[in-house]
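Since the structure comes first, as structure tokens, the remarks are kept for the end.
Residue numbering restarts at 1 for every chain, and letters A, B, ... go by the order of the sequence lines. Since this is a predicted model, take the numbers as computed values, not measurements.
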Protein chains: 2
Amino acid sequence: MIERHLMKVRARHAISDAEEQAIRNSVSEYRSHKADQTIIRRGERLHHSTLLLEGLMCRYKDLRSGKRQISELLVAGDFADLHSFPLKRLDHDIMTLTPCEVALVPHAHISDMIACFPRLGRIFWFLTTLDAAVHREWELSLGQRSGIARLAHLFCELYARLQITKLAENQSFGLDLTQTDLGESTGLTVVHVNRCLKELRTQGLVTFQSGQVTIHDLTGLRRLAEFDPAYLYLDGPYEID
Amino acid sequence: MIERHLMKVRARHAISDAEEQAIRNSVSEYRSHKADQTIIRRGERLHHSTLLLEGLMCRYKDLRSGKRQISELLVAGDFADLHSFPLKRLDHDIMTLTPCEVALVPHAHISDMIACFPRLGRIFWFLTTLDAAVHREWELSLGQRSGIARLAHLFCELYARLQITKLAENQSFGLDLTQTDLGESTGLTVVHVNRCLKELRTQGLVTFQSGQVTIHDLTGLRRLAEFDPAYLYLDGPYEID
DNA sequence: CGGGTGGTTGAGCTTTCTCAAATAGAGTGG
DNA sequence: CCACTCTATTTGAGAAAGCTCAACCACCCG
């Protein structure tokens, strides 16, 4: 099931059969995790990167008070911590939000791949800068968008990202999160998330019920969110010079 | 004046004389910019990266209403858009906040450097992931910290980052920003920034006046901000395998 | 001396939070 | 199949943080 990751790579860059094979061969091990498990802790020295094959995870940081901020949601096909390759240890924790299937890619294998296929080095670098682009868009949400627009934007982002791997189609996708998770993603309390969701429903834009997001008016949702997918860099393939 | 950039690199990684020379030789051109100029626009195809030698710049995104969110402050020694090397075009704008001196590094030179010195490839990659780490910490601020704590945290971050290049010493540093700039960095209105600064002053923690930040109680400021410098990865040097 | 920018303060308002309680649903053991 | 429990959702009411609007002040520069 590394296919989803390859779809994600190919959405931005053309890769050769040999490069694809190198990526497939880089996995050393497969693992399963239950929901709500912190699987990578900030500060620990890492020797492999984790590729999410199935399920939802998130990066988060928290304050002493227990207030938690999710800094990015990770979906099937995403590398959870490719940046641990250059960084060696993370500044944040990563946890599962649903049961997850992952593949482990030893840093040594990444090193070898890059040496063998320099283009893959650029592609991996690109993928980590994509995370930064998502962070910037979320900073805009957290700093300037209203509660309802933050949620609308989050749904637009997930819809766009899940379409890449065919996990979203026909204005709808499964999203097995609680309203608390949405709150921690958008910097809002559960109570306020609940009221904003109701408002989005009332306005006929989108419904979020029993793990399913259904977009009733994509244009309206995007307008409310001021969603511009440019930051997801999906208008590739990009050349590598 | 590329020295500041080298100090920043050396704070995390050991580099050889040859590598240092390669970095020095990579500059193709020097430029000056006035304050408040957008020097890199989102979406434009870039063929060089800009190294900030002197002055302050920021990345930002804005909404139709004109509300602007600064996603990162850039100080002397920082690459403004090293990520444009893998990304080709940016998802955000970059503007000067003060008059600035910059050096341009053509992407072709970066490509050559990496080919010649693979370790530099890793170091540059590291630098771009560092920006993402700052973004994540700001997401935590924007989503969960109070106004006063956001400002306190910002001052702590800048103090730590400016110390690397000796631009901050003795609990004090020059910071030629307006309160509006601070507001756009912290997701607060100018009026509220003003009141929070007053509160920080009253509590004897820090003063921000006429372009100068003076920290009166670093321990107290850090406690209020819950500042943990781990995300700046300053406890190097890190090895590269 | 006048205009412009940036800082400061007041007053009222809005969004969002907090606290609290009621409701709904899924899963479990009897 | 039902009572029980646990978690998640929903709603109400009051409080607080932060926003808006507006005015005034200070300083710098020409």
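The separation between N194(A) atom CG and dA20(C) atom C1' is 15 Å, rounded to whole Å. In this structure, L142(B) places its CG atom 14 Å from P of dT16(C), rounding to the nearest Å. Atom CG in L177(A) sits about 13 Å away from atom C1' in dA8(D), given to the nearest Å. Nucleotide dG7(C) holds its P atom 9 Å from the CG atom of L197(B), rounded to whole Å. The distance between atom CD of E199(B) and atom C1' of dT8(C), rounded to the nearest whole Å, is 15 Å. Remark: P of dT7(D) and CG of D176(A) are 16 Å apart, rounded to the nearest angstrom.
Aromatic ring orientation, Y233(A) versus F126(A): perpendicular (interplanar angle above 60°, classes split at 30° and 60°).
Using modelled atom types and a 3.5 Å distance limit, the side chains of D131(B) and T128(B) yield no donor-acceptor pair. Side chains of T207(B) and H216(B): a donor-acceptor N/O pair is present below 3.5 angstrom, by distance only. For the residue pair H48(B) and E29(B), no side-chain donor N or O sits within less than 3.5 Å of a side-chain acceptor on the partner.
Using a 4.0 Å cut-off, some side-chain N or O of Q179(A) falls inside it from OP1 or OP2 of dT10(D). For dG7(C), the OP1/OP2 oxygens have no side-chain nitrogen or oxygen of K198(B) closer than 4.0 Å.
For the side-chain hydrogen bond (donor to acceptor under 3.5 Å, both in side chains) criterion with D93(B), the lone passing option out of K61(B), R42(B), R68(B), R41(B) is R42(B). Paired with L74(B) under the rule side chain to side chain contact (heavy atoms under 4.5 Å, CB included), one option of T96(B), I94(B), D81(B), T50(B) passes, and it is I94(B).
Taking the side chain of Q209(A) as heavy atoms from C-beta on, and the options dT8(C), dG6(C), dT10(D), the nearest nucleotide is dT10(D).
The backbone N or O of R150(B) sits nowhere less than 3.5 Å from a side-chain atom of S141(B) that would complete a donor-acceptor pair.
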Encode nucleotides 16-21 of chain D as B, S and - characters from 5' to 3', where the letter depends on protein heavy atoms closer than 4.0 Å: B to the base, S only to sugar-phosphate, - to neither. --SSBB
5' to 3', nucleotides 25-30 of chain D under a 4.0 Å protein heavy-atom cut-off (B base, S sugar-phosphate only, - none) gives ------
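No more than 12 heavy atoms of other residues, nucleotides or ligands sit less than 6.0 Å from atom CZ of R223(B).
In this structure, Y60(A) has its ring center no closer than 6.0 Å to that of H92(A).
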